[in-house]
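Beneath this line is the structure, given in structure tokens, with notes to follow.
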Amino acid sequence: MHARQNPFKSSLLALSILAAFGAGAAHADTVVDNANGYTLNAKGDLVQFSAIAFDDQGRITAVGASADVIKGAPNAKRIDLKGRTMLPGLIDAHGHVFGLGQQLTQLDLFNSTSLEGALKSIGAYARTNADHAWIRGRGWNQENWKLGRFPNAQELDAVVSDRPVWLERVDGHAGWANSRALALAGITKATPDPVGGKIVRDANGAATGVLVDAAQELMTKVLPQQTEAEGRVMLERALQEMARVGITSVHDAGVDVAQDRIYRAYADGGKLTARVYGMIAGTDKDFDVLAAKGPLKDYGNGMYALRAVKLYSDGALGSRGAALIKPYSDEPHSHGLLFYKAAQMDSMMAKAMRKGYQVNVHAIGDAGNKQILDVYQKELKATGSAAQRHRIEHAQVVQPADIPRFKTLDIIPSMQPTHATSDKNMAETRIGAERIKGAYAWRSFLQQGSRIACGSDFPVEAPNPFFGIHAAVTRQDAQGQPVAGWYPNQAMSLKEAFRCFTLDAAYAGHQENALGSLEPGKQADFIVIDADLFRMPTYDIHKTGVLETWVAGKQVFRK
């Protein structure tokens, strides 16, 4: 599993064959040669090449052997890669772009390993940012702190009591507030739990400071409104980070009216350095505004699209908000939270389907996944919308009996490999040894012929796609644990993992004819990396570094 792999035993196509794919067939302005290049072709075969040519619009005109490509473009500018490895630009099929930017501009608790360490960081951040009216941040995970419970407001009060504090959990499905923030939100012992949410309480029924899922809205209502200038800073920070790690395209899982306005402005100004495939956040007011003219399939020369909708069926496993058919193994009185009754979810999904949108629904628990599959089974026929390529985001814990329904209904499982290696310390505790068989079950989906669109769910996880490829292939964390891999029978091959971050992610965004591989007629989105992905030990994949990132034939990052 961890040895050097030879992916070419049955799939390598000779350079001379690939060179015929467009060499000299169209005008080329630039040739990149002396590359150790890898791509998949339209059939999914892994092929090697040593040069590509592209025109001044960033469209590939030829791919193949250096001599053949250069011969077909004698007047083109030449860039010598000196044998370095080139890959198609990687696609993250599920990220939160402004959330990533926000994480990069606020208090970061993602690497905190203890409550004491987190509190020390919070206090230091508050002292350094004495002018901030609120202390905001994200990334805490009580499972990593080995608390056996959620943190509470009194612990936050001990380090920051003069200002409100609001800190989102790593998965965004819970938040931690101090007493000042709870008071501003009007949360008391008498405040009822909202539908789809939970106020964590002590033995006397008083709020402890943690709000789960929909209960977070009680706090977000009193948070200062984000300005457009702040949104632009967040987008710029996120774009810089995506370029640094080799992401040339992202599916943004939840775009509102304000974010759409910024995306269009950046696309108009030629300032988007990654392609954005947007999902409208919900089917309420923002949807009615953004969907007035129907799906936006191409904006800004292919840099922006808004043709999907993002909905939520349930919460997350770490905060026990994921909806389970049977109770949690480690909390027998709880089934988690379905956000909507079946009829409500049906109405929202059907509304988006009838307007021509791809529907992408977050579902973590087996009850959440079953609810969404049931609606798809009913509404696909009623709306005639199968061609819209509907998806389930995460598809994390699925009854084994429900996995084949993804294939029969042609629903795309949009999955995030690093969730498995991040969750392995608590997932089986949450759901037990039997249900874990249908959890993070990539091999089960691939064997039935499902296309998996891979992403990271950043900022819940790091955006680096090589972390995802590593997790998919080894089922290990960055420390190489567990040694044999966590449920390694569900691992992907390297070629499959590469495909789920390229061709199949492109397919999940209706973009497989333009993105996902380096072939004539497609966009010149590519990266140059510091090692040979297909000849390195698999346990080192996460160490891969990006040297250059190119989008539409323009360099957007250089190390």
Knowing that exactly one of H394, Q388, E393 qualifies, which makes a side-chain hydrogen bond (donor to acceptor under 3.5 Å, both in side chains) with R391?
-> E393
K370/D366 ion pair, N-O < 4.0 Å = no
Check ion pair D374-R405 (N to O, under 4.0 angstrom) | yes
Does one side chain, of R237 or Q103, offer a donor that lies under 3.5 Å from an acceptor on the other?
-> no
When you look at L239 and K271, which way does the side-chain contact (heavy atoms from CB on, under 4.5 Å) test go after all the steps?
-> CA-CA 9 Å; L239 289 171; K271 295 196 292 183; over 6 Å; no
Using a strict cut-off of less than 4.0 Å between a Lys/Arg side-chain nitrogen and an Asp/Glu carboxylate oxygen, indicate whether E230 and R136 qualify as a salt bridge.
-> no
Report the relative orientation of the aromatic rings in H362 and H173; use parallel for angles under 30°, tilted for 30 to 60°, perpendicular for over 60°.
-> tilted
Electrostatic pair E143-R430, nearest N-O below 4.0 angstrom | yes
Any side-chain heavy atom of Q416 within less than 4.5 Å of one from V460?
-> no
Any side-chain heavy atom of R149 sitting closer than 4.5 Å to one from L115?
-> yes
Does the side chain of R435 come under 3.5 Å of the side chain of S329 through a donor N or O and an acceptor N or O?
-> yes
Does a salt bridge link R499 with E496, judged by any charged N lying under 4.0 Å from a carboxylate O?
-> no
Near-ring test F445/F406, centroid separation under 6.0 angstrom | yes
Taking atom types as modelled and ignoring hydrogens, do the side chains of D260 and Y304 form a donor-acceptor contact shorter than 3.5 angstrom?
-> yes
Using distance alone, with no hydrogens and no angle criterion, decide if Q396 and D423 have a side-chain donor and acceptor under 3.5 Å apart.
-> yes
